[in-house]
Amino acid sequence: MARFAPGDRVFVREAYPPGHIRTPWYIRGKSGVIERVCGEFRNPEELAYGRDGTPRRTLYRVRFMQREVWDDYAEHPGDTVDIEIYDHWLEPAA
Amino acid sequence: MSRHAHEHEHERHHAHDHSHPPQPDIDSGPMGHYQLMGAALGELLIEKGVITADELRATIELIDGKSPEDGARVVARAWTDPDYRRRLLEDGNAAVDALGVEMPDTHLVVVENTAKVHNVIVCTLCSCYPRMLLGLPPDWYKAHAYRSRVVREPRAVLREFGTELPDDTEIRVHDSTADMRYLVLPRRPDGTEDMNEEELAALVTRDCMIGVSSPKAP
Amino acid sequence: MRGIHDLGGLPAGSVDLEEHEPGYWEKRIDGIRLLLADRKRRLITVDEMRRGIESLGKDVYDRLGYYERWTASVTGVMLEKGVITTDELGRKMAEIEERDKARLERAGSGDG
């Protein structure tokens, strides 16, 4: 069961563990809105070390406003970036 | 790594600059360290029966057989068939499967350009790309400059491709970080009302489907 | 620590639009990786390959070409899993290098 639904506002955990991570550095600590629930997928952080990637994690597409991602964003204020992020990297925005 | 390989490696370090020029092919000079390693890996896997020479040959043929023509067929169908366009946006895998393109291990998300929104695709972490629809990615898609900059200054990057967008167009960047793959459905150019599906497909280039360019009427 | 591969937002120069057609050796490692990852074999996942690339170290990552990184990583994972051994790999590379030298000598004498 997905924790978040399209439209929910979420925070990306501001965490910097070592290892194989598919959450880009530039988006950690930022907040965005769930664009869609992609489904359940094997966890790449486990697959990377030869394990089976279970338990599966819910994957979301999260939409971020570029001007909130980059302090000095100089292009259109409505520009966005959509990123696929696994459930364990997301927290509900207060 | 053997001592010999280390020395070889060391020589390469001095011989090789940082711009990654196109790799010499096997016929043009002595094989590089990693060409030797790849050839050795292939031969060992075949000798051990892990893979067969025939499987490897067939897989390379499969790689050679994929090209942006497949993506262009999908776009042209979507431009001429509103029902297909709707299916493509709702369930990319099923829609491209109907045109003979199977994407068994990835989920296709088709993103549509409109008068207000322009989409562009990147993989900032590696080189995720809709290979089944577009073939192998171009060098720039895999290189540092595009991956670093297109998420932070997309308009400036598009300008380097000769693409100028209207000031009021919003750019939506899609960073392919996990199991989705993206294809941009570009806008059908004005003045193409009389063209058939095949003629339209010829207007749709690879770069239009990545989102760094837009199709032009002939 | 920020991964060497994790490039989004970093400063960089203009995009180099020059392209090259992938050579046989590049498609060969691509094909080997696809076969090793398929349902029949399941000897490597894409994330194992990425982890191998990300572990190359910054110096090597920046210096190697795209498919050179793939080769280093896929070969490394096959060594880790015992599909091949270091000794086999070293001997086979030396054997192929000798064949390659002989090929170049033949080509050289053919020209003269």
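By convention in this document, chain letters (A, B, ...) are assigned in the order of the sequence lines, proteins followed by strands, and residues within each chain are numbered from 1.
- Rounding to the nearest 0.5 Å places CD of C/E68 at 9.5 Å from NE2 of B/H33.
- The pair B/R131-C/D30 meets the salt-bridge criterion, since a charged nitrogen lies less than 4.0 angstrom from a carboxylate oxygen.
- B/R149 places a side-chain N or O within 3.5 Å of a backbone atom of C/G13 that can act as its donor or acceptor partner.
- Neither the backbone nor the side chain of B/E153 comes within contact range of chain C, judged by heavy atoms closer than 4.5 Å.
- Using a 4.5 Å heavy-atom threshold, the side chains of B/I60 and C/Y24 count as touching.
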Determine, stepwise, if the pair B/D105 / C/R39 fulfils side-chain contact (heavy atoms from CB on, under 4.5 Å). CA-CA 10 Å; B/D105 298 317; C/R39 271 151 219 227; 2.6 Å; yes

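- Here the closest non-hydrogen pair linking B/Y34 and C/T71 is O-CG2, 3.3 Å.
- With respect to B/E43, the salt bridge (charged side-chain N to carboxylate O under 4.0 Å, His left out) criterion is satisfied by exactly one of C/R99, C/R91, C/R28: C/R99.
- Atoms CE and CG, from B/M37 and C/L89 in turn, are 6.0 Å apart once rounded to the nearest 0.5 Å.
- Between B/C128 and C/R50, the closest heavy-atom pair is SG-NH2, 3.3 Å.
- For chain B, the nearby part of C/E95 is the side chain; its heavy atoms alone come within less than 4.5 Å.
- When heavy atoms are compared at a cutoff of 4.5 Å, B/L125 approaches chain C by way of both its backbone and its side chain.
- Annotation: maximal heavy-atom pairing with chain B below 4.5 Å, among C/L10, C/L36, C/V74, C/D47, occurs at C/L10.
- In this structure, the portions of B/L56 lying under 4.5 Å from any heavy atom of chain C include both its backbone and its side chain.
- Residues of residues 158-188 of chain B having a heavy atom under 4.5 Å from any heavy atom of chain C, listed by number: B/E160, B/F161, B/R181.
- Contact annotation for B/V50: both backbone and side-chain heavy atoms come within less than 4.5 Å of a heavy atom of chain C.
- For the atom pair B/C126 SG and C/W70 CH2, the distance stands at 9.0 Å (nearest 0.5 Å).
- Atom CD in C/E21 sits 9.0 Å away from atom CG in B/D64 (nearest 0.5 Å).
- Using modelled atom types, one side-chain atom of B/D139 and one backbone atom of C/H20 make a donor-acceptor pair closer than 3.5 Å.
- Residues B/T59 and C/I32 have side chains not in contact (no heavy-atom distance under 4.5 Å, counting atoms from C-beta outward).
- Nearest heavy-atom pair, C/S14 versus B/A145, reported as atom, atom and distance to 0.1 Å: O-CB, 3.6 Å.
- In this structure, chain B has a heavy atom under 4.5 Å from the side chain of C/L43, while its backbone stays farther away.
- Contacts of C/I29 with chain B are made by side-chain atoms alone, with heavy-atom separations under 4.5 Å and no backbone atom involved.
- For B/I63, the part sitting under 4.5 Å from any heavy atom of chain C is the side chain, from C-beta outward, and nothing else.
- C/Y67 is listed as a side-chain neighbour of B/K142, based on a closest heavy-atom distance under 4.5 Å.
- In this structure, SG on B/C123 lies 9.0 Å from NE2 on C/H5, to the nearest 0.5 angstrom.
- The candidate with the highest count of non-hydrogen atom pairs below 4.5 Å against chain B, out of C/V83, C/L79, C/V46, is C/V83.
- Under 4.0 Å is where a charged nitrogen must lie from a carboxylate oxygen, and between C/R41 and B/E55 at least one such pair does.
- Here the CE-CE distance, from B/M31 to C/M93, works out to 9.0 Å after rounding to the nearest 0.5 Å.
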Candidate pair B/E61 and C/K27, rule salt bridge (charged side-chain N to carboxylate O under 4.0 Å, His left out), full reasoning: CA-CA 9 Å; B/E61 279 180 7; C/K27 290 186 285 196; over 6 Å; no

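- Looking at every heavy atom in both residues, C/P22 comes nearest to B/L136 through CG-CD1, 3.6 Å.
- Contact of C/L34 with chain B is made through the side chain alone, with heavy-atom distances under 4.5 Å.
- Residues C/K92 and B/E47 are in side-chain contact: their nearest non-hydrogen atoms beyond the backbone lie under 4.5 Å apart.
- Applying the 6.0 Å contact sphere to CD of B/E198 captures no more than 12 heavy atoms from other residues, nucleotides or ligands.
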